[in-house]
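Since the structure comes first, as structure tokens, the remarks are kept for the end.
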Amino acid sequence: MIKGIKGVKDLLPEEAPRWHFIEESARRWATRYGFREIRIPIFEVTTLFARSIGASTDIVEKEMYTFQDRDGTSLTLRPEGTAGTVRAYIEHNRAAIPVPQKYYYFGPMFRHERPQAGRLRQFHQFGVESLGMADPRADVEVISLLWRLLSDLGLPSLTLEINNLGSTSDREAYRPRLVEYLKIQVTGLCTNCQRRIETNPLRVLDCKVPECRARTEAAPRLGDSLSDAARSYFTRVLAGLDAIKVPYALNHRLVRGLDYYNLTTFEVSATNLGAQNAVGAGGRYDGLVETLGGPQTSAVGFALGLERMAMLLPESVTNSVPQDVVVYIAGFGSQGTDIGFKLLEELRISQVSAVSDFRSTTLKAHLRQADRLGCRFTLILGDDEVVKGTAVLRDMVSKTQYDIQLSSFLQQIKPFLACS
RNA sequence: GUGGGUGUAGCUCAGUUGGUUAGAGCGCCGGAUUGUGGAUCCGGAGGUCGCGGGUUCGAAACCCGUCAUCCACCCCA
């Protein structure tokens, strides 16, 4: 048996309503905030991701699905959505458009990681990118959209954490101070963190090992190394969140894994989601457009993990989905079978959802299938009825049956369907 | 890439210190009802015990390997 690829899941019809519910909410909220959908390719040239995400990040170093095109060009299945969106923004000269460019997208992302709870090799994100506004209100607007969407879905026990990463130069000034401190504490840190001191010292602050957390409690803080500009910008973001009553918690340890973030960074996490508890995250990325060859452009955005949202979504949401097929055609016998098949088509053309199981040859079998499919009505049509020029419409709930004249089939059946 | 758990019927799982024909519940099919679904009763079908070796008179069980899957590390949505 040929099986699906490790870490790549099928979404079966039973689960589709949950996803529709999430996607419709996301669309509705994004539209309310003035974001418009953008659809970008699932693969791009490899250098786009290497340059934007950062050459030394885990994503680029070991998690990308990269392959050669026929002419030798290196292509990569997108591991995230921001890079492609920014590429499209530059390529289509969207900076020349006088209104802010605010986009949202849905789609699969690909990272070659070991699968676990809430982590897949092909997973799906909903993301937004707000391009062109260097104003704290743009950050607030994006965070607010994120929070309102998640609240609207009724996802339980979420917390929004926020931090100020400052500018690139702020971090460059801070880094040696942190490294100096960590080297003194080195023996008390876990082996991972000992390695991180060289590779990614900011990550040590985000380590989950209690010993490491204790050792870094007294470490110099990035917040103390920030420029006045970065500091005041962040203050205004927080004031904006306060003004519109979006609840947040400051977390000076919060670090993002992608290189392009600066200033505002944030993450929404959930309890009861396993070890991978981040539902959505994002931040400001003012330098990225320029890095990729576009004009200097301020930008802020976030991405949400749809699988993780689906895991958190209460069961009740799926149960409230209305039945979508209403009529079952039970045509049997030599003539009933043929006429039933024609009536099936007639109903569909006149906008009625109708089904039949062509394997069933007896009335009993037909009714059983009608029941399983949850159809409200069954149209019974055997040779006896054909001879009389009628059919029997059975209400599956009340069990009452009505004779329908085949000569005016649609006119007679419509009133029953309307009041169901 | 590293570690741990789990692989037995369509699904969820039993299976005694290794013992002869591998079970249950649910589901499925049929009958009771020659043209009336769900409920009930009766009957039936369905299994390379993940795969490959090994130990043994005998392996679903023990050993080795391998694959799949889940969880965790790492990292992230």
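Per chain, numbering begins at 1; letters A, B, ... match sequence-line order.
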Output one line per pair: protein atom, nucleotide atom from nucleotides 30-34 of chain B, and distance, for all N/O pairs under 3.5 Å.
| unit_1 | atom_1 | unit_2 | atom_2 | d |
| --- | --- | --- | --- | --- |
| B/rG30 | OP2 | A/R368 | NH2 | 2.8 |

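- Rounded to an integer number of Å, the gap from A/L363 CG to B/rU36 P is 7 Å.
- Every side-chain contact (heavy atoms from CB on, under 4.5 Å) that A/D242 has, sequence neighbours left out, goes to A/Y248.
- Residue contacts shown for A/M109 are absent, as no nucleic acid heavy atom lies under 4.0 Å away.
- Candidate nucleotides B/rC29, B/rA77, B/rG35 were compared by shortest atom distance to the side chain of A/A281, and B/rA77 ranks first.
- Rounding to the nearest 0.5 Å gives a distance of 8.5 Å between CG of A/L241 and CG of A/D139.
- Taking atom CG on A/L150 and atom C1' on B/rA77, their separation rounds to 12 Å, with Å as the unit.
- Counting non-hydrogen atoms under 4.0 angstrom, A/F332 reaches a base of the nucleic acid.
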In a table with atom names and distances, give each donor-acceptor pair under 3.5 Å that connects a side chain of residues 123-131 of chain A to protein atoms at least two apart or in another chain.
| unit_1 | atom_1 | unit_2 | atom_2 | d |
| --- | --- | --- | --- | --- |
| A/H124 | ND1 | A/E307 | OE2 | 2.7 |
| A/E129 | OE1 | A/Y285 | OH | 2.4 |
| A/E129 | OE2 | A/T82 | OG1 | 2.8 |

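- Between A/E141 and A/K102, at least one side-chain nitrogen of the basic residue sits less than 4.0 Å from a carboxylate oxygen of the acidic one, meeting the salt-bridge criterion.
- For the side chain to side chain donor-acceptor pair (under 3.5 Å) condition, the pairs that include at least one residue of residues 175-190 of chain A, sequence neighbours left out, are A/R177-A/S225, A/Q185-A/R215.
- Contact of the A/I197 side chain with the A/V179 side chain is registered, since non-hydrogen atoms from C-beta on lie closer than 4.5 Å.
- In terms of the side-chain contact (heavy atoms from CB on, under 4.5 Å) criterion, A/D338 has no residue partners (sequence neighbours excluded).
- The backbone N or O of A/G118 sits less than 3.5 Å from a side-chain atom of A/R308, completing a donor-acceptor pair.
- For A/D170, there are no salt bridge (Lys or Arg N to Asp or Glu O under 4.0 Å) partners, not counting sequence neighbours.
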Dot-bracket for RNA chain B, please. Rules: Watson-Crick or G-U, both distances under 3.5 Å, ( ) within the strand, [ ] when a pair crosses earlier ones, | for another strand, . otherwise. (((((((..((((.....[...)))).(((((.......))))).....(((((..]....))))))))))))....
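- Across all strands, A/E61 comes closer than 4.0 Å to no nucleic acid atom at all (heavy-atom distances).
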Side-chain donor-acceptor contacts of residues 40-53 of chain A below 3.5 Å, not counting sequence neighbours, with atom names and distances?
| unit_1 | atom_1 | unit_2 | atom_2 | d |
| --- | --- | --- | --- | --- |
| A/E44 | OE1 | A/R87 | NH1 | 2.9 |
| A/E44 | OE2 | A/R87 | NH1 | 2.5 |
| A/T46 | OG1 | A/S74 | O | 3.0 |
| A/T46 | OG1 | A/S74 | OG | 2.7 |
| A/T46 | OG1 | A/L75 | N | 3.3 |
| A/T46 | OG1 | A/L75 | O | 3.4 |
| A/T46 | OG1 | A/T76 | OG1 | 2.8 |
| A/S52 | OG | A/L48 | O | 2.8 |

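- Residues A/A278 and A/S398 both approach RNA chain B. Their nearest nucleotides, taken by heavy-atom distance, put A/S398 toward the 5′ side.
- Taking the P atoms as reference points, B/rC62 lies 9 Å from B/rU16, given to the whole Å.
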What nitrogen or oxygen pairs link the protein and nucleotides 69-74 of chain B at under 3.5 Å?
| unit_1 | atom_1 | unit_2 | atom_2 | d |
| --- | --- | --- | --- | --- |
| B/rU69 | OP2 | A/K6 | NZ | 3.2 |
| B/rC70 | OP1 | A/K9 | NZ | 2.9 |
| B/rC71 | OP2 | A/A117 | N | 2.8 |
| B/rA72 | OP1 | A/A275 | N | 2.9 |
| B/rA72 | OP2 | A/Q116 | NE2 | 3.1 |
| B/rA72 | OP2 | A/A117 | N | 3.4 |
| B/rC73 | N4 | A/R119 | NH2 | 3.3 |
| B/rC74 | N3 | A/R119 | NH1 | 2.9 |
| B/rC74 | N4 | A/Q116 | OE1 | 3.1 |
| B/rC74 | N4 | A/R119 | NH1 | 2.4 |
| B/rC74 | N4 | A/R119 | NH2 | 3.3 |
| B/rC74 | N4 | A/Q276 | NE2 | 3.2 |

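- Taking a 6.0 Å sphere around CZ of A/F67, one finds it holds more than 12 heavy atoms contributed by other residues, nucleotides or ligands.
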Measure all distances between protein nitrogen or oxygen atoms and nitrogen or oxygen atoms of nucleotides 41-47 of chain B, and list the pairs falling under 3.5 Å.
none

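- Within residues 27-39 of chain A, no residue has any heavy atom under 4.0 Å from RNA chain B.
- Side-chain atoms of A/R18 come within 3.5 Å of backbone N or O of A/A310 as a donor-acceptor pair.
- The closest donor-acceptor contact from the side chain of A/Q68 to the backbone of A/T73 lies at 3.5 Å or more, if one exists at all.
- With sequence neighbours left out, A/T361 forms a side-chain hydrogen bond (donor to acceptor under 3.5 Å, both in side chains) with no residue at all.
- Using atom C1' as the reference point in both B/rC63 and B/rC26, the two lie 36 Å apart (nearest Å).
- Between the CD atom of A/E161 and the C1' atom of B/rA77 there is a distance of 15 Å, given to the nearest Å.
- Residue A/R372 is in sugar-phosphate contact alone, with no base atom involved, counting any heavy-atom pair closer than 4.0 Å across all strands shown.
- Judged by distance alone, the side chain of A/N164 and the main-chain N or O of A/F234 form no donor-acceptor pair under 3.5 Å.
- A/L258 comes within 4.0 angstrom of sugar-phosphate atoms only, judged by non-hydrogen atoms across all strands, and of no base.
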Under the side-chain hydrogen bond (donor to acceptor under 3.5 Å, both in side chains) rule, what do A/Y402 and A/R394 come out as? Steps first, then yes or no, please. CA-CA 7 Å; A/Y402 312 92; A/R394 178 178 175 84; over 6 Å; no
